Number of protein chains: 2
Amino acid sequence: MRQSATAKKIMLSAEALFAEQGFAETTMREITSAANVNLAAVNYHFGSKKGLIAAVAEKYLTPLVTHLNDAIDERLLLKPDSTPTTEELLEMLMRTLLQVGKSKQFALPVFMRLLELIYMKNQDELRNAMIIRYRSAFAHFIELLRQDSAVMKDEEFFWRLHFLMGSIIFTLSNFQTLVALEMREFERAAEVEMTLHRMIPVLVAGLHARADSTPFSRL
Amino acid sequence: MRQSATAKKIMLSAEALFAEQGFAETTMREITSAANVNLAAVNYHFGSKKGLIAAVAEKYLTPLVTHLNDAIDERLLLKPDSTPTTEELLEMLMRTLLQVGKSKQFALPVFMRLLELIYMKNQDELRNAMIIRYRSAFAHFIELLRQDSAVMKDEEFFWRLHFLMGSIIFTLSNFQTLVALEMREFERAAEVEMTLHRMIPVLVAGLHARADSTPFSRL
DNA sequence: ATATGTTTGAAACGAATATTTGAAAATTAT
DNA sequence: ATAATTTTCAAATATTCGTTTCAAACATAT
């Protein structure tokens, strides 16, 4: 068998704990005791904590990028005469997130922790490894997004893309926190799917907004 | 004197290191050796590392909220017959960030680290203390933002507000990372002021976008 | 059955952390 | 000047972390 029962138990516990607490905040002792497994088992099966994180990342990101690129390819085949709109692309992205999220319980939080890891942490070698590993996988998606924003300069697009990513990462990364914040009552019934859908028109409008060339010195 | 020379040196070094690396990632030894001060000095003057963080937070957030609320009051006095638009309000916020950023060198990164602390970390007591301490200070600003988005439901506004915060926090929190990413060349000349200004029309458009009631099952 | 390779387990290791201690030094008050 | 108080300092303490060790248990093949 490709992965022993112990390794599977470790993976499952690690996914849940990583999703809930983040990578750095989760200790080996937490993982192994949650998995009812000896402390040394992680190092034995995955080499190190970083090896475990890399394994979790691989398990979650590979389905993500394949599903997203499949969706893109399908769209391009169905309507080969038109480039996909920003709305179409974002909907593909959200659908992909939800789709993988259905098959794997902790997919969404894990994705966000990984994005946090890539963007937030500064001196980690895991960061560079993951960038090298997955950058090209998203290249097509970004390129199509750029095509539908052709009117703006590269610089403007670069920043707006990151404003957009900020909304996505921040929102999903703090989803539990936000709904638990109980600033309002109705948030209790909030669901990820609705929130993702709610983001699309906001992101589209932001990405396509007229650039304001007025300097700050006004008013 | 209200604060000894040692305490001041600690504060200055801590601000710089916190801004650069984050709170958890900065050690007492780094702080004290950067300040040319004994390791025990932090505990003596601030009680604990958390006490030091709280002191830094107080030093930076108090000018922020007073300046922002001053700007709001001034605007309401100047044009008492109209409610401020979303664009006006966001511009006030950005100006406030920049203004405090000019008087205090590390203001912007420190703000973002604090927002990270408030939103990201889950079980910290510092988080709750800061929420209690500063929630009311931003209440007026949020309320005015709500008034200019009166057409949408509370739930919609709640989420769009957090999409917006996500863009701001994420972008400024990763400003150095993003410009250092050198995905493009021109990013080298990027400046915070321009980026903040660049965000305004994007955020306004996102906040005012037509809500899409179409469910995901389309297409 | 026996030998060989694989996995588990309890304990210890080494490095890094924040904090505490107690005496020396410096400052301040009398 | 002297005493009292405050501040500094080097060292020790306690805790937590990922990792390593090595013998025992287990599985598998011969």
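Everything quoted here is computed from the prediction, not taken from an experiment. Convention: sequence-line order gives letters A, B, ...; per-chain numbering from 1.
Residue A/T27 places its side chain closer to D/dG18 than to any other of D/dT8, D/dG18, C/dG9. Among D/dT19, D/dC9, C/dT7, the nucleotide with an atom closest to any side-chain atom of B/A40 is D/dC9. Residue B/N38 has its side chain nearest to D/dC9 when only D/dC9, D/dT7, C/dA18 are considered. Among D/dT20, C/dT6, D/dT8, the nucleotide with an atom closest to any side-chain atom of B/H45 is D/dT8.
Summarising the geometry, the separation between CG on A/N43 and C1' on D/dT20 is reported as 8 Å, rounded to the nearest angstrom. The distance from atom CD of B/E25 to atom C1' of C/dA16 is 15 Å, rounded to the nearest whole Å. Atom NZ of A/K49 is separated from atom P of D/dT20 by 15 Å (rounded to the nearest Å).
Of the N and O atoms on the side chains of B/T171 and A/H162, not one donor lies less than 3.5 Å from an acceptor on the other residue. Side-chain contact of B/T26 with B/E30: a donor-acceptor pair under 3.5 Å is absent, judged by distance alone.
Here the side chains of B/F157 and B/L161 are in contact, with some heavy-atom distance below 4.5 Å.
Heavy-atom distances to DNA chain C give each of A/Y44 and A/L39 a nearest nucleotide, and the one nearer the 5′ end belongs to A/Y44.
Scanning atom types as modelled, one donor and one acceptor separated by under 3.5 angstrom connect the side chain of B/R29 and the base of C/dA18.
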Between A/E15 and A/K104, is the salt bridge (charged side-chain N to carboxylate O under 4.0 Å, His left out) condition met? List the steps. CA-CA 10 Å; A/E15 291 163 25; A/K104 296 192 169 37; over 6 Å; no
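B/A41 comes within 4.0 angstrom of nothing in the nucleic acid, heavy atoms only. Counting any heavy atom pair closer than 4.0 Å across all strands shown, B/T32 reaches no nucleic acid atom.
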